[in-house]
Amino acid sequence: MCGRYAASRKPEDLALEFEAVPAEGQPPLAADYNVAPTKDVYVVRHAKERDAEGLPTGGGHRELRAVRWGLVPSWAKDVSVGNRMLNARVESLTEKPAFRKAAASRRCLVPADGWYEWAKRLDSPTKQPYFITPEDGSVLAMAGLWEVWGRGEDRLYTCTVVTAPATGALTEIHDRMPLVLPPDRWADWLDPAREDVAELTAPTPPELVAALELRPVSTAVNNVRTNGEQLTARAESVAEPADQPALF
């Protein structure tokens, strides 16, 4: 699963990287090295263009928008539903009512520096956190879904991160991982006209997984109130993970 990640890039840098237009009227989000559910996060989505009267023109563009992490379906009676919708399993995207419509036409990318996972240790009951990040320092694009809850000024934009079975060396840490998409799959994932969800959710390419660093970090990240770049620094002394990954 993906329950915590880091996102430190400035909105202007993300807009350039993803060829997106920042949403109007949103103050920039601060760098966050311990992003947790219900926090505001950046997503890149396809936004429909409208005329002066608010009617769709038929055009669209990529938009960088701050939304709340934890998807709230449009039919939900209360926003607290989103507290349980931080992840959407790729195996059931087209089946679960909470994700089915969003998977069909409201897909997004969730930019990240990397994500955290926790593994059992051989020498301690305490789980060892790992920061999983590209070795070359490039940005990650996690597959996501977005929704809108409410109307008018009370409208709330939310998102969820799509997860898939872990592959490669990642299986040593956890049995799930975010569905990370390479740049050549971004356009298809964001295209609301694409309805072949099974094809769009093909596994993360092996070469992308192989280029990820599994970096052991301090248990300071366990506290959601702790923040700062030091959370992503390599821990000095770490034991090997146990054979069986931990569910966190």
Side-chain angles (χ1 to χ4, degrees), residues 1-2 5 14-15 17-23 37 41-51 54-76 79 81-82 84-112 115 139-151 155-167 176-209:
M1 65 181 293
C2 177
Y5 68 95
L14 290 175
E17 178 76 27
F18 290 92
E19 301 179 346
V21 178
V41 301
Y42 282 124
V43 301
V44 178
R45 67 171 193 139
H46 175 87
K48 295 180 180 179
E49 295 175 351
R50 299 178 181 274
D51 60 22
L55 299 175
T57 64
H61 62 271
R62 290 185 186 181
E63 179 187 67
L64 180 71
R65 172 175 284 273
V67 306
R68 194 171 84 167
W69 185 16
L71 188 137
V72 180
S74 59
W75 43 260
V79 296
V81 170
R84 306 189 302 274
M85 302 286 184
L86 66 153
N87 288 163
R89 295 173 69 93
V90 71
E91 298 93 331
S92 56
L93 281 186
T94 59
E95 300 172 5
K96 286 197 172 184
F99 304 132
R100 188 166 52 224
K101 289 185 177 180
S105 61
R106 289 187 289 276
R107 298 179 294 270
C108 64
L109 300 171
V110 184
W115 77 94
V139 66
L140 282 178
M142 301 186 293
L145 310 176
W146 65 272
E147 269 288 5
V148 182
W149 184 86
R151 296 181 179 180
R155 286 195 303 174
L156 175 68
Y157 285 80
T158 63
C159 75
T160 187
V161 173
V162 176
T163 66
T167 62
R176 305 287 298 180
M177 64 175 285
L179 177 61
V180 180
L181 301 178
D184 62 2
R185 288 172 57 181
W186 292 356
D188 287 340
W189 180 255
L190 294 175
D191 186 354
R194 291 288 300 268
E195 298 180 351
D196 48 337
V197 177
E199 183 174 343
L200 293 173
T201 54
T204 300
E207 60 271 20
L208 196 161
V209 175

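Hydrogens, waters and symmetry mates play no part in the numbers below; they use all other heavy atoms, side chains included.
More than 12 heavy atoms of other residues, nucleotides or ligands shown are found within 6.0 angstrom of CD on E49.
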Acceptor/donor pairs from residues 99-111 side chains to any protein atom, 3.5 angstrom cut, sequence neighbours excluded:
residue, atom, partner, partner atom, Å
R100, NH1, E95, O, 3.0
R106, NE, E147, OE1, 3.4
R106, NH2, E147, OE2, 2.8
R107, NE, W189, O, 2.7
R107, NH1, A103, O, 2.7
R107, NH1, A104, O, 3.0
R107, NH1, R194, O, 3.2
R107, NH2, D191, O, 2.5
R107, NH2, R194, O, 2.9

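Judged by distance alone, the side chain of T163 and the main-chain N or O of P178 form no donor-acceptor pair under 3.5 Å. Distance alone, capped at 3.5 Å, places no donor-acceptor pair between the T160 side chain and the L71 backbone.
Closest non-hydrogen pair, V81 versus A76, comes out as CG2-CB, 4.2 Å. In plain terms, the two heavy atoms of A112 and M142 that are nearest each other are CB-CE, 3.9 Å. Residues F18 and A141 approach most closely at CE2-CB, 3.9 Å, considering heavy atoms. The nearest pair of heavy atoms linking T167 to M177 is N-SD, 3.9 Å.
Residues passing the side-chain contact (heavy atoms from CB on, under 4.5 Å) test with A164, sequence neighbours excluded: V90. Under the side chain to side chain donor-acceptor pair (under 3.5 Å) criterion, E91 pairs with R176, sequence neighbours left out. Qualifying ring pair (Phe, Tyr, Trp, His ring centres under 6.0 Å) partners for Y42, counting only residues two or more places apart in sequence or in other chains: none. A search for side-chain contact (heavy atoms from CB on, under 4.5 Å) contacts involving E17 returns V139, W186, not counting sequence neighbours. Residues passing the salt bridge (charged side-chain N to carboxylate O under 4.0 Å, His left out) test with R65 are E63, sequence neighbours excluded.
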side-chain contact (heavy atoms from CB on, under 4.5 Å) between V44 and L64: does it pass, once the steps are laid out? CA-CA 5 Å; V44 178; L64 180 71; 3.9 Å; yes
Using side-chain contact (heavy atoms from CB on, under 4.5 Å), reason through Y5 and L140 one step at a time and then give a plain yes or no. CA-CA 11 Å; Y5 68 95; L140 282 178; over 6 Å; no
Does the side-chain contact (heavy atoms from CB on, under 4.5 Å) test come out yes or no for T201 and L179, once each step is laid out? CA-CA 8 Å; T201 54; L179 177 61; 4.2 Å; yes
Give the intermediate values and the outcome of side-chain contact (heavy atoms from CB on, under 4.5 Å) for residues L86 and V161. CA-CA 6 Å; L86 66 153; V161 173; over 6 Å; no
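Note that CG of L181 and CG of L200 are 9.0 Å apart. Values are rounded to the nearest 0.5 Å. Atom OG in S74 sits 10.0 Å away from atom CZ in R151 (nearest 0.5 Å). Within the model, atoms NZ of K48 and NE2 of H61 stand 13.0 Å from one another, a figure rounded to the nearest 0.5 Å. Note: T158 OG1 to W146 CH2 = 9.5 Å, rounded to the nearest 0.5 Å.
With a 4.5 Å cut-off on side-chain heavy atoms, W149 and P73 do not count as touching. Side-chain contact between P205 and R185 is present, with at least one heavy-atom pair separated by less than 4.5 Å.
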